[in-house]
Amino acid sequence: MIDLKLLQKDFEGISKKLQRKGVDEKLLEKVKIKFEELKEAKAHFETLQAAQNAMSKEFGMYKREGKDISELKAKVDENKIRIADALEIQRLRQEELEALAMAIPNIPDDDVPDGEDEDDNIEIKKVLTPKEFSFTPKEHWELAEQNGWIDFERGVKLATSRFSVSFGMGARLERALINFMLDFNRQRGFEEVSVPALVNRKALEGTGQLPKFEDDLYKIQDQELFLIPTAEVPVTNLYQDEILSLDKLPKRMTAYTSCFRKEAGAAGRDTRGMIRQHQFHKVELVSIATPGESDIIFNDMVTCASDLLTALELPHRLVTLCTGDLGFSAAKTIDLEVWLPGQNTYREISSVSNTRDFQARRAKIRFKNGKKNELVHTLNGSSLAVGRTLVAIMENFQNSDGSIDIPKVLHPYLGL
RNA sequence: GGACGAGUGGGUGAGUGGCUGAAACCACAUCCCUGCUAAGGAUGCGUAUGGGUAACUGUACCGAGAGUUCGAAUCUCUCCUCGUCCA
């Protein structure tokens, strides 16, 4: 959630920044007005309530002194009706404001480039040079099936399209990757956590998936619970509604979870293979930091993910997302794209975002800065998407006969 | 699944209708005193939000929500969580 007080104070400035993300200025004006109306309604209600409280106190005194209370009671009863009305007005305005404000995306950082979509993202640097193949490299689904690593049909049989099953070395490699990534992150100072894969509405509101993106989430039928689309949700919300002491910051955490996405609106995209699945494994990084250190932490996380790819000998590049490609909660995002020789292109394998205080404001995560409580900054990043890493290994480490080498760092994890 | 009990500020914990935003103790902060190894004293110390330059002040919050009442931490109902016992 954006800072409504700031919007009120510096409407021009905030509005200008949000227009870069395609937010309609009229909507912002409406929010500003609603915000002011709500304040008005609150003030009115509180004045009435104060009178009521005062009269109630008097009431108690009258009774103790044995005075006649009938006149006072009439006054108090009358005021009570007005309070009920005032409260109802306040409640309605609160609801209206929230509905509007919760749907406004985060303000992009000033150094985020303008742009429409992913074509306008800006490459920062390339890491490792893709190797030359003496043959035409195959795409991963071909290799996966040929080696018996992944069975796409049986995944569909068990669930529906965009589900798959891993067998043998494919399954072992997944597990090896998860362990390798968690160990790697732990050595970089991220504490490992294991969290629920189901979360409630409040958690998803805290990180920004709800209320706007409910269509992308799998919902449990008989309870108000959702399957997590990313570990970012449970891990960030670990500290929801808490005031952290300064010496506990920064919090740097890593978690492995399955992730679940309906991929609504992705019809026809990446239908083959395991680039875009409804369920996938991911190792996530989440940091909670003071505003002063969040930029450093951000770079740290990008470096961690990039080094992970380098350790796996996977060529990749870093790109800054433009305003049009930036996610709802992010102020800034750097994507890591891994080279896929079979597809002859770079594909997203990790996305590191600084949401600044956007999620913290929604989730009420604060820290004590001296006497004052301030909102923290929250950051998240994948490190990495396991399925896509497996895809990258298959395509980059393939031989002409279709066999696949295993990156050296994974050998200990596979008993090789 | 059933029965009973509990949920209060950073912690322990008092509080069964008004004088309680909440005793006391601990922790913490600032100041003072003392000066032989640790102790004594004073003051302050929840969160959110509105008004005010500020001092200060209004409102809300005692697991969550609803209700009774002029007035609720305290009474009623529903839910959640934890504990104990039973199946």
Side-chain angles (χ1 to χ4, degrees), chain A residues 1-11 31-102 195-196 198-206 210 219-226 234 237-249 251 288 290 357-376:
Chain A
M1 182 126 103
I2 60 162
D3 185 349
L4 294 178
K5 266 201 248 172
L6 201 64
L7 181 75
Q8 191 191 22
K9 237 194 306 185
D10 179 22
F11 183 81
V31 168
K32 189 182 162 215
I33 290 166
K34 290 266 177 232
F35 181 59
E36 277 156 8
E37 283 179 351
L38 173 63
K39 271 179 30 176
E40 229 173 81
K42 265 192 176 156
H44 180 57
F45 164 75
E46 281 170 12
T47 310
L48 291 173
Q49 187 63 254
Q52 188 79 353
N53 289 344
M55 282 192 277
S56 286
K57 265 209 173 117
E58 230 178 308
F59 204 100
M61 273 158 57
Y62 275 35
K63 268 203 131 171
R64 235 173 300 131
E65 291 163 13
K67 284 196 205 161
D68 178 35
I69 52 166
S70 55
E71 200 182 317
L72 185 58
K73 172 134 171 57
K75 246 167 59 181
V76 128
D77 281 342
E78 188 199 330
N79 196 46
K80 219 177 159 184
I81 297 164
R82 271 185 277 162
I83 286 181
D85 288 345
L87 185 64
E88 181 61 13
I89 291 169
Q90 184 195 315
R91 204 183 53 79
L92 282 175
R93 289 188 180 172
Q94 174 93 44
E95 263 171 31
E96 286 169 358
L97 177 67
E98 227 155 72
L100 292 173
M102 289 288 268
V195 290
L198 286 168
V199 293
N200 57 33
R201 180 171 289 274
K202 205 174 166 198
L204 286 153
E205 282 173 353
L210 288 180
K219 189 177 176 189
I220 303 299
Q221 266 208 327
D222 54 351
Q223 273 189 80
E224 183 82 330
L225 288 173
F226 301 81
N237 278 289
L238 240 25
Y239 297 100
Q240 169 199 99
D241 233 336
E242 291 191 31
I243 299 167
L244 304 162
S245 67
L246 199 54
D247 58 315
K248 295 257 170 60
L249 295 176
K251 291 222 178 263
I288 296 177
T290 60
D357 62 11
F358 186 81
Q359 291 179 329
R361 186 171 292 107
R362 290 172 159 241
K364 295 198 180 70
I365 310 172
R366 290 154 296 171
F367 72 103
K368 210 156 202 87
N369 191 9
K371 283 203 75 165
K372 264 180 48 194
N373 294 325
E374 274 183 50
L375 294 170
V376 296

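All values below come from the heavy atoms of this structure, side chains included, with hydrogens, waters and symmetry mates left out. Labels below follow one simple rule: chain letters A, B, ... track the order of the sequence lines, proteins then strands, and each chain is numbered from 1.
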Counting Watson-Crick and G-U wobble pairs with both distances under 3.5 Å, what is the dot-bracket string for RNA chain B, 5' to 3', using [ ] for crossing pairs and | for pairs to another strand? ((((((((.[[[..)..(.....]]].(((((.......))))).((((((....)))))).[[[[[..)....]]]]]))))))).

Pairwise P distance, B:C85 and B:A72 [rounded to whole Å]: 39 Å

Check whether any side-chain N or O of A:Lys42 sits under 4.0 Å from OP1 or OP2 of B:A60, and answer yes or no. no

All pairs passing salt bridge (charged side-chain N to carboxylate O under 4.0 Å, His left out) where residues 74-89 of chain A contributes a residue, at least two apart: A:Lys73-A:Asp77, A:Glu78-A:Arg82, A:Glu88-A:Arg91

CG (A:Leu249) and CG (A:Leu246) are apart, to the nearest 0.5 Å, by 6.0 Å

With sequence neighbours left out, what residues match A:Lys219 under side chain to side chain donor-acceptor pair (under 3.5 Å)? A:Glu224

Closer to the 5' end of RNA chain B via nearest nucleotide, is it A:Phe35 or A:Lys80? A:Phe35

For A:Asp3, all residues meeting side chain to side chain contact (heavy atoms under 4.5 Å, CB included), sequence neighbours excluded: A:Lys5, A:Leu6, A:Arg361

Who are the side chain to side chain contact (heavy atoms under 4.5 Å, CB included) partners of A:Val199, not counting sequence neighbours? A:Ala203, A:Leu204, A:Ile228, A:Val233, A:Pro234

To the nearest 0.5 Å, how far apart are CG in A:Leu210 and CZ in A:Phe226? 5.0 Å

Restricting both atoms to N or O, compile the protein contacts to nucleotides 45-47 of chain B shorter than 3.5 Å, with distance only.
{"residue": "B:U47", "atom": "OP1", "partner": "A:Lys368", "partner atom": "NZ", "Å": "2.8"}
{"residue": "B:U47", "atom": "OP1", "partner": "A:Asn373", "partner atom": "ND2", "Å": "3.2"}
{"residue": "B:U47", "atom": "O3'", "partner": "A:Arg366", "partner atom": "NH1", "Å": "3.2"}

Atom pairs under 3.5 Å: protein N/O with N/O of nucleotides 54-59 of chain B:
{"residue": "B:G58", "atom": "N2", "partner": "A:Glu46", "partner atom": "OE1", "Å": "2.3"}
{"residue": "B:G58", "atom": "N2", "partner": "A:Glu46", "partner atom": "OE2", "Å": "3.2"}
{"residue": "B:G58", "atom": "N3", "partner": "A:Glu46", "partner atom": "OE1", "Å": "3.4"}
{"residue": "B:U59", "atom": "OP1", "partner": "A:Asn53", "partner atom": "ND2", "Å": "3.2"}

Taking B:G58 as the reference, what is the distance to B:C45 when you measure between their P atoms (whole Å, please)? 16 Å

List in chain and number order the residues that pass side chain to side chain contact (heavy atoms under 4.5 Å, CB included) with A:Gln49, two or more places apart in sequence or in another chain; answer none if no residue qualifies. A:Phe45, A:Gln52, A:Asn53, A:Ile83

Tell me the salt bridge (charged side-chain N to carboxylate O under 4.0 Å, His left out) pairs involving residues 34-49 of chain A, sequence neighbours left out? A:Lys34-A:Glu96

Tell me, please, which residues at least two apart from A:Asn373 pass side chain to side chain donor-acceptor pair (under 3.5 Å). A:Lys368

Heavy-atom nearest pair, A:Arg366 first then A:Leu375, reads CG-CD2, 3.7 Å

Using the C1' atom as the point on both nucleotides, what is the distance between B:G46 and B:U34, in whole Å? 34 Å

Residues at least two apart in sequence or cross-chain that pass salt bridge (charged side-chain N to carboxylate O under 4.0 Å, His left out) with A:Lys202, listed by chain then number, are A:Asp241

A:Lys73 vs B:U69: side-chain N/O to OP1/OP2 distance below 4.0 Å: no

Grab the N/O contacts between the protein and nucleotides 15-18 of chain B below 3.5 Å, and write none if there aren't any.
{"residue": "B:G18", "atom": "N2", "partner": "A:Ser56", "partner atom": "O", "Å": "2.6"}

